[in-house]
Amino acid sequence: MADNQSRVSININVEVSEALTGLKAIQREAKKATQALRELEEAQQYNITININEPDTVDTKELAEKLSSMIRKGGAY
């Protein structure tokens, strides 16, 4: 019995550079969104209450430094 198989070869050229560029842009934005969510989660860990009884006597620079220190130390002052 003779072999009746035929071979067909098809070449397809597709321009995908625009699609790749778009996918890379989406990936960059997804990474930015992920980083923003991570930063938001970290910020939500802090529960800082500030009571100012005499607003005229508040040293805002000192207050900012204390807050910055608390945040760097994970909320502990």
My understanding is that a hydrophobic cluster links ILVMFWY residues whose side chain heavy atoms are under 4.5 Å apart, including indirect links. Using that, what else belongs to the cluster containing Leu40? none

Would you find more than 12 non-hydrogen atoms of other residues, nucleotides or ligands less than 6.0 Å from Gln35 atom CD? yes

Keeping Thr34 on the side-chain end and Ala30 on the backbone end, is there a donor-acceptor pair under 3.5 Å? yes

Lys32 NZ to Leu37 CG distance, which is reported to the nearest 0.5 Å: 14.5 Å

Distance in Å, Asp59 CG paired with Glu65 CD, rounded so as to fall on 0.5 Å steps: 8.0 Å

Residue pair Glu41, Arg38: steps toward the salt bridge (Lys or Arg N to Asp or Glu O under 4.0 Å) verdict: CA-CA 5 Å; Glu41 288 174 349; Arg38 191 174 299 121; over 6 Å; no

Hits for side-chain contact (heavy atoms from CB on, under 4.5 Å) against Gln27, two or more places apart or cross-chain, chain-then-number order -> Lys31

Using links of under 4.5 Å between side-chain heavy atoms of ILVMFWY residues, direct or through other members, which residues join Ile10 in one cluster? Val8, Ile12, Val14, Val16, Leu20

